[in-house]
Amino acid sequence: MLDTLAQPVSHTLEVKHSRFIAHAAPIDGAAAAMAFLQQVAVADATHNCWAYRHGQDYRSSDDGEPAGTAGRPILAAIDGQGFDRVMVVVTRWFGGIKLGAGGLVRAYGGAAAECLRIAPRLPLLAMARLQLLAGFEDLGTLHASLPAFGAEKRDEQFDANGVCLRIELPADQVDALKIRLRDATRDRIRIEDDNQDD
């Protein structure tokens, strides 16, 4: 089970007089990641290195540091802490002492990892979408059953036969909802996967 961040968070680290500030935030895609970078990057800092993961979409940047010493360790921190849909920007002010490649990897990765470790987590639930076809006689039972399974109504269309209700709910609640509706209506409600995009 992966988590995202409940809110933006930051953490400061000093290594051999270089100052590192890690900023992390939840994102809903690449555009949000780049917007967050613009928001927190410091123009007069030595480097603004970053990485994000949003499902299978991920990118990182060393922003002028030696290749592989900043962006990849930040991404590794995101993955290592079990996060998804997260952007981390680590800003560095050079303190006059070179850290070497290993020192940079540890500093950037460590700043990102500690920032995420102290951050409030928000579990990412796998969601499922269903389409429910019910007659008018089962409307009350149908609507009364949904809240207990965390189901949210996305669309509702009425016709002469009853209702077509499109819902979204946590994937781990689908089987329990199907059993509840089957038992409560003598299997009169038709339940199908809903693959339509809004």
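Position 1 is the first residue of the sequence; numbering continues from there. In this text, all values refer to a predicted model and were calculated from it rather than measured experimentally.
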### Query
To the nearest 0.5 Å, what is the distance between CG (Leu142) and CD (Glu137)?
11.0 Å

### Query
Under 3.5 Å, side chain of Thr46 to main-chain N/O of Phe94, donor-acceptor pair present?
yes

### Summary
Checking Asp79, Thr4, Asp84 against Arg53 for side chain to side chain donor-acceptor pair (under 3.5 Å), the one that qualifies is Asp79

### Query
So, Asp155 and Gln157: side-chain donor and acceptor under 3.5 Å apart, yes or no?
yes

### Query
Applying the 4.5 Å side-chain criterion to the ILVMFWY set and letting contacts propagate, would Val89 and Ile21 be lumped into a single cluster?
no

### Task
Given side chain to side chain contact (heavy atoms under 4.5 Å, CB included), test His11 with Ile118 step by step and report yes or no.
CA-CA 9 Å; His11 175 72; Ile118 62 173; 4.1 Å; yes

### Query
Does the pair Trp93 and Val42 meet the rule for a side chain to side chain contact (heavy atoms under 4.5 Å, CB included), with working shown?
CA-CA 10 Å; Trp93 287 268; Val42 180; 3.8 Å; yes

#### Entry: Minimal non-hydrogen separation, Pro26 against Gln7, with atom names
CD-C, 4.0 Å

### Query
Between Asp62 and Ala67, what is the shortest heavy-atom contact and its length?
OD2-CA, 3.4 Å

### Query
Hey, what do you get for CD (Glu65) to CG (Leu104), rounding to the nearest 0.5 Å?
5.0 Å

### Message
Counting only heavy atoms not in Phe149 (residues, nucleotides, ligands), do more than 12 fall under 6.0 Å from its CZ?
### Response
yes

### Cation-pi check, Arg121 onto Phe83 ring (under 6.0 Å, within 45° of axis)
yes

### Query
If you count the non-hydrogen atoms of other residues, nucleotides and ligands that lie under 6.0 Å from CD in Glu192, is the total more than 12?
yes

### Message
Leu177 and side chain to side chain contact (heavy atoms under 4.5 Å, CB included): which single residue from Ile179, Val174, Leu181 fits?
### Response
Leu181

### Query
What pair of heavy atoms forms the shortest contact from Ala151 to Leu169, and how long is it?
CA-CB, 3.7 Å

### Task
For Arg182, look at atom CZ and say whether over 12 heavy atoms of other residues, nucleotides or ligands are found less than 6.0 Å away.
yes

#### Entry: Path from Leu5 to Val40 over hydrophobic side-chain contacts below 4.5 Å
no

### Task
Look at atom CZ of Arg188 and say whether more than 12 heavy atoms of other residues, nucleotides or ligands are closer to it than 6.0 Å.
yes

### Message
Using side chain to side chain contact (heavy atoms under 4.5 Å, CB included), reason through Met87 and Leu37 one step at a time and then give a plain yes or no.
### Response
CA-CA 8 Å; Met87 169 69 156; Leu37 174 62; 3.8 Å; yes

### Query
Looking only at heavy atoms, which two atoms of Ala41 and Asn48 are closest? And how far apart?
CA-OD1, 3.4 Å

### Task
Using the rule that two of Ile, Leu, Val, Met, Phe, Trp, Tyr join whenever any of their side-chain heavy atoms come within less than 4.5 Å, decide whether Leu133 and Val163 are in one cluster.
no

### Message
Tell me the closest heavy-atom pair linking His47 and Gly64, and the distance in Å.
### Response
CE1-C, 3.7 Å

### Query
After noting the C-alpha distance and the side-chain angles of Arg19 and Glu14, does the key distance pass the salt bridge (charged side-chain N to carboxylate O under 4.0 Å, His left out) rule?
CA-CA 5 Å; Arg19 194 159 58 106; Glu14 191 161 311; 5.7 Å; no

#### Entry: Derivation and outcome, side chain to side chain contact (heavy atoms under 4.5 Å, CB included), residues Gln81 and Val86
CA-CA 11 Å; Gln81 298 271 342; Val86 168; over 6 Å; no

### Query
Taking the side chain from Asp183 and the backbone from Arg186, do they hold a donor-acceptor pair closer than 3.5 Å?
no

### Query
Heavy-atom distance under 4.5 Å between the side chains of Cys115 and Val88, does that happen here?
no

### Task
Measure the acute angle between the ring planes of Phe158 and Phe136, then classify it against the limits of 30° and 60° as parallel, tilted or perpendicular.
parallel

### Query
Honestly curious: do Phe36 and Val9 fall in one hydrophobic cluster under the side-chain, below-4.5 Å linking rule?
no

### Message
Quick check on the hydrophobic clustering: are Ile191 and Leu139 connected, directly or via other members, by side-chain heavy-atom contacts under 4.5 Å?
### Response
yes

### Query
Once you round to the nearest 0.5 Å, how far does CE of Met34 lie from CD1 of Ile27?
8.0 Å

### Message
Counting C-beta onward and ignoring hydrogens, is there a side-chain heavy-atom pair between Pro8 and His23 closer than 4.5 Å?
### Response
no

### Closest approach of Arg92 to Ser18 (non-hydrogen atoms, all atoms of both residues)
NH2-OG, 3.1 Å

### Query
What distance separates Ile74 CD1 from Leu116 CG, expressed to the nearest 0.5 Å?
10.0 Å

### Query
Hey, is CZ on Arg85 packed in by over 12 heavy atoms from elsewhere, all under 6.0 Å?
no

### Summary
Rounded to the nearest 0.5 Å, the CD1 atom of Ile167 sits from the CD atom of Glu156 at a distance of 11.5 Å

### Task
State the CG-NE2 distance between Leu132 and His143, to the nearest 0.5 angstrom.
9.5 Å

